[in-house]
S.K.: 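The structure follows.
Since we're looking at a predicted model, the values are computed, not measured. Start at 1 with the first residue, then count along the sequence.
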Amino acid sequence: MDKKNIFIFWSWWYSKVVIDTILMDNTYNITWIIDFYNSNDNFLWYKLINNKQKLDDIFSLNGDLNIFVAIWENFIREKEINFLKDNYKNIIFPSIIHKKSILSENLKLWEWIFIWPWVIVNTFSSIWDFSLINTKSSIDHDCELWKYSSIWPWVTFWWWIKIWEFTHIWLWANILEKTIIWNNCLIWAWSLIVNNIDDNQLVYWLPWKVIRSRSHWEKVYK
């Protein structure tokens, strides 16, 4: 069976993990790396597309376009995905899942999900579009992770947890059962979350406390 071609959007450290995961899975053939901010000719051992005209020319020669946007920051990831949707037809955003992760057969995965190695996601949980789950995180049963959210290494979800859109949870955070974290929250490393958290909150402590609300600038750039 012939492998499908895939383009990787952006060239930096996160892209290296994506490339490694794709190579291990052996499903896709990585054809080009796309990054308008990189003036080099290559990234690792791949040719680099760094201007829109060249990208237009190459995309015009293809039918369906598999593209993985290798950007970990939620709002920038949304911005670049919207750019691709607005400018090109026939784009497919496949999920990339490391083969050493353990996922329930009853897990619901939507479009463009990236799951790093040694992640565990248990039964009847849902991972929505354009979210990522980092190394050795654990999500128990009946949890929901909504669009454009990011879970970093060694985060633990208990059960019946709902994480809304554009929320970012850092290393070793522990989210207790039946908790709801609303949109655009930032949960710092080592936090213990025992109650619901409102929109736009920056949180850290054991147990948690709200440090302050997140500004519009942080929503876009941090």
Side-chain angles (χ1 to χ4, degrees), residues 1-52 54-85 87-88 90-103 107 109-121 127-137 139 145 147-155 168-171:
M1 180 177 175
D2 293 336
K3 293 190 290 184
K4 299 177 182 178
N5 292 331
I6 193 168
F7 297 82
I8 307 298
F9 201 93
W10 275 35
S11 59
W12 61 332
W13 64 268
Y14 179 38
S15 306
K16 296 177 182 178
V17 181
V18 173
I19 290 168
D20 187 66
T21 302
I22 290 171
L23 293 175
M24 290 183 68
D25 185 63
N26 203 34
T27 301
Y28 294 100
N29 176 48
I30 300 171
T31 53
W32 297 82
I33 309 296
I34 305 164
D35 193 337
F36 299 148
Y37 305 97
N38 188 336
S39 60
N40 295 321
D41 294 328
N42 298 280
F43 176 72
L44 301 178
W45 46 88
Y46 297 103
K47 292 289 186 181
L48 189 68
I49 303 171
N50 50 26
N51 68 76
K52 188 175 183 302
K54 186 175 181 181
L55 184 63
D56 292 346
D57 294 342
I58 291 172
F59 277 11
S60 67
L61 301 175
N62 289 269
D64 290 340
L65 300 165
N66 293 293
I67 300 179
F68 193 88
V69 180
I71 299 173
W72 69 267
E73 204 290 328
N74 298 328
F75 283 93
I76 299 177
R77 184 162 71 254
E78 180 203 33
K79 173 187 172 183
E80 300 299 347
I81 285 169
N82 287 339
F83 162 79
L84 291 167
K85 287 181 174 180
N87 284 274
Y88 305 103
N90 303 323
I91 288 183
I92 299 169
F93 295 103
S95 293
I96 304 297
I97 299 171
H98 200 285
K99 66 180 183 180
K100 291 187 178 179
S101 288
I102 302 172
L103 308 181
L107 169 66
L109 290 176
W110 301 90
E111 187 178 32
W112 190 106
I113 310 298
F114 185 47
I115 297 182
W116 295 42
W118 299 296
V119 169
I120 298 174
V121 186
I127 313 298
W128 286 80
D129 309 58
F130 308 113
S131 292
L132 63 91
I133 307 174
N134 215 308
T135 306
K136 292 189 176 179
S137 289
I139 297 177
L145 180 65
K147 294 180 179 180
Y148 291 103
S149 290
S150 301
I151 307 302
W152 279 76
W154 291 283
V155 169
H168 198 129
I169 302 179
W170 278 79
L171 298 86

S.K.: Output, in order, the C-alpha distance, side-chain angles, deciding distance and verdict of side chain to side chain contact (heavy atoms under 4.5 Å, CB included) for L132 and I151.
M.R.: CA-CA 6 Å; L132 63 91; I151 307 302; over 6 Å; no
S.K.: On a heavy-atom basis, which atom in D57 and which in S60 lie closest, and how many Å separate them?
M.R.: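 Minimum heavy-atom contact is O-OG, 2.6 Å.
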S.K.: Please determine which of F9, F114, F68 meets the ring pair (Phe, Tyr, Trp, His ring centres under 6.0 Å) test together with Y14.
M.R.: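 Filter result, single survivor: F114.
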S.K.: Give a yes or no on whether the backbone of W152 and the side-chain of S137 come within a donor-acceptor separation of less than 3.5 Å.
M.R.: yes
S.K.: Nearest 0.5 Å, please: how far is OG in S15 from CD1 in I30?
M.R.: 10.0 Å
S.K.: With a 4.5 Å heavy-atom cut-off, do P94 and I6 have their side chains touching?
M.R.: yes
S.K.: Let me confirm one number: the CG-OH distance from D129 to Y148, rounded to the nearest 0.5 Å.
M.R.: 7.5 Å
S.K.: I139 vs I133, test: side chain to side chain contact (heavy atoms under 4.5 Å, CB included). Steps then yes/no.
M.R.: CA-CA 9 Å; I139 297 177; I133 307 174; 3.7 Å; yes
S.K.: Does F130 offer a backbone N or O that forms a donor-acceptor pair with the side chain of R77 under 3.5 Å?
M.R.: yes
S.K.: So for atom NZ, which belongs to K47, do other residues, nucleotides or ligands contribute more than 12 heavy atoms lying within a distance under 6.0 Å?
M.R.: no
S.K.: Is there a donor-acceptor contact under 3.5 Å linking the side chains of T31 and N5?
M.R.: no
S.K.: Looking at every heavy atom in both Y88 and I91, which two are closest together, and how far apart are they?
M.R.: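 Closest approach of Y88 to I91: CB-CD1, 3.6 Å.
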S.K.: I'd like to check N134 versus V119 (side-chain heavy atoms, cut-off strictly below 4.5 Å). Are they in contact?
M.R.: no
S.K.: Measure up the W72 and W13 rings against each other and bin them: parallel (under 30°), tilted (30 to 60°), perpendicular (over 60°).
M.R.: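 Rings of W72 and W13: tilted, as their planes differ by 30° to 60°.
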S.K.: Is the closest side-chain heavy-atom distance between I34 and L55 below 4.5 Å?
M.R.: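 Result yes, sub-4.5 Å side-chain heavy-atom pair found.
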S.K.: Just checking, is any N or O donor in the side chain of N38 or N40 under 3.5 Å from an acceptor N or O on the other one?
M.R.: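 On atom types as modelled, these side chains qualify, holding a pair under 3.5 Å.
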S.K.: Working to the nearest 0.5 Å, report the span between CD of E80 and NZ of K85.
M.R.: 13.5 Å
S.K.: Is there side-chain contact between I22 and I8, with heavy atoms separated by less than 4.5 Å?
M.R.: yes
S.K.: So, taking the atom named OG in S149 and the one named CD1 in I169, what distance separates them when rounded to the nearest 0.5 Å?
M.R.: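 Taking OG in S149 and CD1 in I169, the distance rounds to 7.5 Å.
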S.K.: Take a 6.0 Å sphere around CG of N82 and say whether it holds more than 12 heavy atoms from other residues, nucleotides or ligands.
M.R.: yes
S.K.: Can you see which heavy atom on W154 is nearest to which on K136, and at what distance?
M.R.: NE1-CD, 3.3 Å
S.K.: For the residue pair I67 and F93, what are the closest heavy atoms and their distance?
M.R.: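 Scanning both residues completely, I find the closest heavy atoms to be O-CD2, 3.4 Å.
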S.K.: Specify whether F59 and F7 have parallel, tilted or perpendicular ring planes, treating 30° as the upper limit for parallel and 60° as the lower limit for perpendicular.
M.R.: perpendicular
S.K.: With distance as the sole test, does D25 use its side chain to make a donor-acceptor pair with the main-chain N or O of T21 at under 3.5 Å?
M.R.: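 No; zero donor-acceptor contacts below 3.5 Å.
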S.K.: Can any side-chain N or O of N50 pair as donor or acceptor with the backbone N or O of F36 at less than 3.5 Å?
M.R.: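 Between the backbone of F36 and the side chain of N50 there is no qualifying donor-acceptor contact (under 3.5 Å).
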S.K.: Going from CG on D20 to CG on L44, what distance comes out if it is rounded to the nearest 0.5 angstrom?
M.R.: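 If I round to the nearest 0.5 Å, the distance is 10.5 Å.
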S.K.: Looking at W45, is its backbone amide N or carbonyl O close enough to the side chain of N42 to form a donor-acceptor pair, meaning the two atoms are under 3.5 Å apart?
M.R.: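 A pair under 3.5 Å: no.
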S.K.: Would you confirm whether the ring centroid of W116 sits within less than 6.0 angstrom of the ring centroid of W118?
M.R.: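 W118 vs W116: aromatic centres not under 6.0 Å.
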S.K.: Nearest 0.5 angstrom please: M24 CE to K100 NZ, how far?
M.R.: 5.0 Å
S.K.: W170 and V155: side chain to side chain contact (heavy atoms under 4.5 Å, CB included), yes or no, with the steps?
M.R.: CA-CA 7 Å; W170 278 79; V155 169; over 6 Å; no
S.K.: Could you tell me whether the side chain of W32 reaches within less than 4.5 Å of the side chain of I58, counting heavy atoms only?
M.R.: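 Of all side-chain heavy-atom pairs linking W32 with I58, at least one is under 4.5 Å.
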S.K.: Can a salt bridge be assigned to the pair D56 and K52 using a cut-off of 4.0 Å between side-chain N and carboxylate O?
M.R.: yes
S.K.: With no hydrogens and no angle check, just 3.5 Å: does a side-chain donor-acceptor pair link N29 and K4?
M.R.: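 No, no side-chain donor-acceptor contact under 3.5 Å.
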S.K.: Do you know the tightest heavy-atom contact between W112 and S131?
M.R.: CZ3-O, 3.3 Å
S.K.: Decide side chain to side chain contact (heavy atoms under 4.5 Å, CB included) for K3 and T27; before the verdict, give the C-alpha distance in whole Å, the side-chain angles of both, and the deciding distance to 0.1 Å.
M.R.: CA-CA 6 Å; K3 293 190 290 184; T27 301; over 6 Å; no
S.K.: Take the angle between the ring planes of W12 and W10 and call it parallel below 30°, perpendicular above 60°, tilted in between.
M.R.: perpendicular
